[in-house]
Amino acid sequence: MYTTELGKVSPLQDGAQEDPERLAAFEARVAADEFVEPKDWMPQAYRRTLVRQISQHAHSEIVGMLPEGNWLTRAPSLQRKAILLAKIQDEGGHGLYLYCAAETLGTSREEMIDALHSGRAKYSTIFNYPTLNWADIGAIGWLVDGAAIMNQVPLQRTSYGPYARAMVRICKEESFHQRQGYDLLLALAKGTAAQKAMSQDALNRWWWPALMMFGPPDENSPNSAQSIRWRIKRETNDQLRQKFVDATVPQAELLGLTIPDPDLNWNEQRGHYDFGAIEWDEFYAVVRGEGPTAKERITARRDAWANGAWVREAAAAFEAKRAARVAA
Amino acid sequence: MDHSLFRALTQLGDDSLILGQRLCEWCGHAPTIEVDLGLSNLALDLIGQATLLLDYAGEVEGGGRDADALAFHRNAEQFANCLLAEQPNGDFARTVVRHLFFATYASALYEALAASPDARLAEIAAKAVKELRYHADFAADWAERLGDGTEESRARMAEALDWHWRFVNDLFHDDRDWAACAARGLVPLRQSLRYGFERDVSAILERAGLALPRKVWPIVGGRSGQHSEHLSVLLATMQVLPRAHPEAVW
């Protein structure tokens with residue numbers, strides 16, 4: 001799952017400190033849609049932005065295992081349990097590729113994980129919402145992975161080669177996840193009144209957070225222009241959000257569900273759906289770590305890391321002994 | 001109905017189901033991402049085996065129950081899994097030892113079952129044995145790493161061996177139904193696998209600088225539905241939705 005640009009820790013417009021000739025050559029390569037590879041020269045700001053974006057994406061995959069894992073032990077059939085297990089495993093795999101892609105920029109996995117646990121690095125705000133019923137698992141696949149795909153498909157052509165290549169595989173898996181989420185909800189749509197009520201409740205809670213996944217409106221996204229010029233982003237937040245709404249509304253109708261937005265209307269002139277105002281105060285609060293389950297999520301990750309420290313130390317000690325035996 | 005075969009198949013299916021369910025609890029909480037993915041793989045194999053075995057058990061029973069009906073609509077005393085499978089994950093050392101004992105036993109058992117004259121069981125076992133051999137290797141690798149890692153990991157492994165050793169007699173218990181199937185040549189007696197199990201596990205532990213604990217008073221009961229305190233709690237979680245919505249299809 002993709003995370004929008006969150007913490008604006010480093011000013012992007014610091015290209016002035018770079019060698020102007022190299023910078024111009026770099027800009028020309030990127031403008032020509034060439035891939036930048038790990039050993040190529042790149043501006044410091046480009047490197048920093050990428051590490052931030054890729055590691056936030058990786059953290060989102062890993063933290064994102066938790067809300068879905070919450071229902072894994074309660075999946076209502078063996079097939080649904082196996083599907084959910086495989087899906088969460090895919091998310092963990094995405095986290096792993098993405099940490100590896102970010103490591104090619106010179107930041108270690110440990111440093112990135114430490115940044116997550118200390119609160120310096122962010123992850124997608126969506127995972128700070130709770131999963132309260134089984135339909136939430138469908139809604140996450142359909143809406144959250146659906147929004148992720150909107151964000152990620154353009155990133156298959158992002159300028160940094162390792163990131164773009166990781167994204168090709170991730171996109172294939174995410175579109176499978178979206179279909180499984182929708183399939184889960186289709187089964188509920190054909191089911192009992194209680195099952196239908198679960199789905200509507202899930203949509204009511206996930207719709208607005210899913211729209212927030214695309215990040216702040218364009219007028220409040222100061223780094224977008226630079227990121228688009230560097231082909232780190234390829235479409236603006238608002239363009240992607242509109243695409244998502246347009247694609248999702250008919251899918252909700254097919255499920256017999258009502259999107260919780262009284263202002264939602266097809267606009268014949270624009271050829272798009274109009275939709276209501278997003279509560280940006282809520283978004284910024286969740287970004288600040290005030291989401292309903294933010295403390296639980298980060299505590300779960302810190303605990304897993306702390307409780308596993310002795311295992312990682314043992315594996316490293318064993319490997320060192322083995323290497324010493326081989327050398328002897 | 002072939003009652004003995006039904007019971008033998010539920011013993012096999014319940015072992016896979018309950019251990020798979022336990023491993024699901026690790027998801028998102030393992031010591032590294034790689035271990036998280038590895039444990040999910042083990043769980044996926046086990047849930048898959050459980051589905052095949054319990055579907056077959058339902059067909060043998062002939063009462064219209066499928067794997068889901070058996071998994072989600074029986075009470076603890078109707079489950080026939082071994083006591084080991086239902087034990088809580090504990091720390092990673094306890095999970096490794098539980099899996100080392102189970103997978104070493106199960107890979108030998110399924111190798112024999114793959115030659116069963118019951119063609120359906122043989123077919124399921126032929127698939128499962130490949131998975132379980134990997135499970136045994138995974139557990140053996142970690143047993144060695146933790147046993148020969150740090151002082152702390154070695155102490156935790158010793159504690160975990162001591163913790164789970166009391167359930168090994170139950171793992172090899174041949175109840176009446178299993179023995180009846182063995183007499184018909186459909187399954188091997190579990191006791192016949194015990195010597196090889198102790199030899200294989202001892203060899204792994206020796207490489208890790210560890211040893212099997214001394215003999216203990218045998219606790220048995222899993223096969224006949226007398227479980228530990230943990231199973232009904234596990235089932236309460238696992239079965240909550242199908243029990244709350246018995247008419248629903250998911």
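All chains are named by letter (A, B, ...) in the order of the sequence lines, taking the proteins before the strands, and each is independently numbered beginning at 1. We use all heavy atoms of the structure for the numbers below, so side chains are in, but hydrogens, waters and symmetry mates are not.
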Using a cut-off of under 4.5 Å for heavy-atom pairs, which of B:L37, B:I47, B:D36 has the most such pairs with chain A? B:L37

The reported gap from NZ in A:K81 to CD in B:Q21 (rounded to nearest 0.5 angstrom) is 4.0 Å

Where A:A317 and B:T150 come nearest, the two heavy atoms and their spacing: CB-CG2, 3.9 Å

Just checking A:E111: does its CD atom have more than 12 heavy atoms from other residues, nucleotides or ligands closer to it than 6.0 angstrom? yes

With a 4.5 angstrom heavy-atom cut-off, could you sort out which part of B:R243 is near chain A: side chain, backbone, both or neither? neither

If I measure from the heavy atoms of chain B, does A:A194 come under 4.5 Å with its side chain, its backbone, both, or neither? side chain

Specify which of B:D91, B:V240, B:L146 makes the most heavy-atom pairs with chain A at under 4.5 Å. B:L146

How close do A:K321 and B:D148 get, heavy atom to heavy atom, and via which atoms? NZ-O, 3.0 Å

Taking B:E34 first and then A:R109, would you say they form a salt bridge - that is, a charged N and a carboxylate O separated by under 4.0 Å? yes

Heavy-atom distance under 4.5 Å to chain B: side chain of A:R74, backbone, both or neither? both

With side chain to side chain contact (heavy atoms under 4.5 Å, CB included) as the test, would you mind laying out the steps for B:L241 and A:W71 before giving the verdict? CA-CA 10 Å; B:L241 280 171; A:W71 283 90; 3.8 Å; yes

So how far is it from A:L78 CG to B:M238 CE, rounded to the nearest 0.5 Å? 7.0 Å

Chain A contact via B:E151 - which portion, at a heavy-atom distance below 4.5 Å: neither

Would one find more than 12 heavy atoms of other residues, nucleotides or ligands at under 6.0 Å from atom CD of B:E229? no

Residue among A:G95, A:A306, A:A304 with most heavy-atom pairs under 4.5 Å to chain B: A:A304

Checking heavy atoms, do the side chain of B:F92, its backbone, both or neither come under 4.5 Å from chain A? both

Atom pair CG/NE2 of A:L66 and B:H29 - distance to nearest 0.5 Å: 5.5 Å

Working to the nearest 0.5 angstrom, can you tell me the gap between B:I33 CD1 and A:I113 CD1? 5.5 Å

In terms of heavy-atom proximity below 4.5 Å to chain B, should A:I62 be classed as side chain, backbone, both, or neither? side chain

Largest heavy-atom contact set with chain A, pairs under 4.5 Å, which of B:R156, B:E144, B:R22, B:R154: B:R156

Among B:L234, B:N41, B:L54, who wins on heavy-atom pairs under 4.5 Å with chain A? B:N41

I need the B:C27 SG to A:I88 CD1 distance, nearest 0.5 Å. 4.0 Å

Measure the NE2-CE distance between B:H245 and A:M198 for me, rounded to the nearest 0.5 Å. 3.5 Å

Pick one of side chain, backbone, both or neither for A:A75, based on which atoms fall under 4.5 Å of a heavy atom in chain B. backbone

Quick check on the interface: out of B:A71, B:G149, B:G20, B:A93, who has the most heavy-atom pairs with chain A under 4.5 Å? B:G149

Where is the tightest heavy-atom contact between B:A43 and A:L85, given as atom of each residue plus distance? CB-CD2, 3.5 Å

Nearest heavy-atom contact between B:L44 and A:A82 is CD2-O, 3.3 Å

Hey, mind stepping through A:Q79 and B:T51 against side chain to side chain contact (heavy atoms under 4.5 Å, CB included) and telling me if it holds? CA-CA 8 Å; A:Q79 190 190 20; B:T51 306; over 6 Å; no

Between B:S40 and A:Q89, what is the shortest heavy-atom contact and its length? CB-NE2, 3.7 Å

For residues A:G308 and B:P31, report the shortest heavy-atom separation together with the two atoms involved. CA-CB, 3.7 Å

Which of the residues A:T73, A:L84, A:D90 is involved in the greatest number of heavy-atom pairs with chain B at under 4.5 angstrom? A:T73

